[in-house]
Amino acid sequence: MNSETLAATIQKGVRVTLGATASLVDALRDPQASQEKFGNISDFEVLTQELEAKGTDAEREARAVVDSVMSQMGQMPNPFAPTPASEATVDADAHPVADASVQTDLEALTQELSTLRAELETLKSQPGNG
């Protein structure tokens, strides 16, 4: 079996499955009409052809819906598209990131660290500790 035959067989299987699904939905909506259409078919090949035709129609309708949605999305601006440099704006104002109390604590800890380093250096420089 070559790849073209395999692809055609898979495509036919998908269409028959789509057709069977669409027929099931139709049967749930109108059992009488479904019984009239498929009740007389006793040949498996004829049934397969009917389901494939219905699946082809369903595939075409689904493709039209997808194309319609995609074309509508094409008309909307892409929020992820990069802004050209000529249109970009830059806010040059500097704003403190940390809260004032956090900044004060950070400065106190930095001073304490500096003091500890100085004490450590003093201890290292004393005779007998180095």
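Residue indices begin at 1 and follow the sequence shown.
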Pairwise distance OG1(T56) to CZ(R60) - rounded to 0.5 angstrom: 6.5 Å
Spacing of CG belonging to D57 relative to CD belonging to E52, to within rounding of 0.5 Å: 11.0 Å
CD-CD distance between E45 and E50, expressed to the nearest 0.5 angstrom: 11.5 Å
Under 3.5 Å: donor-acceptor pair, side chain of S68, backbone of A64: no
Non-hydrogen side-chain atoms of L113 and L109 separated by less than 4.5 Å: no
Side chain to side chain, T48 and K12, heavy atoms closer than 4.5 Å: yes
Counting only pairs under 3.5 Å, give me each side-chain donor-acceptor contact of residues 18-30, with atom names and distances, residues two or more places apart or in other chains.
from, atom 1, to, atom 2, distance (Å)
T21, OG1, T17, O, 2.9
S23, OG, G19, O, 2.8
D26, OD2, K54, NZ, 2.6

Distance in Å, E59 CD paired with Q11 CD, rounded so as to fall on 0.5 Å steps: 6.0 Å
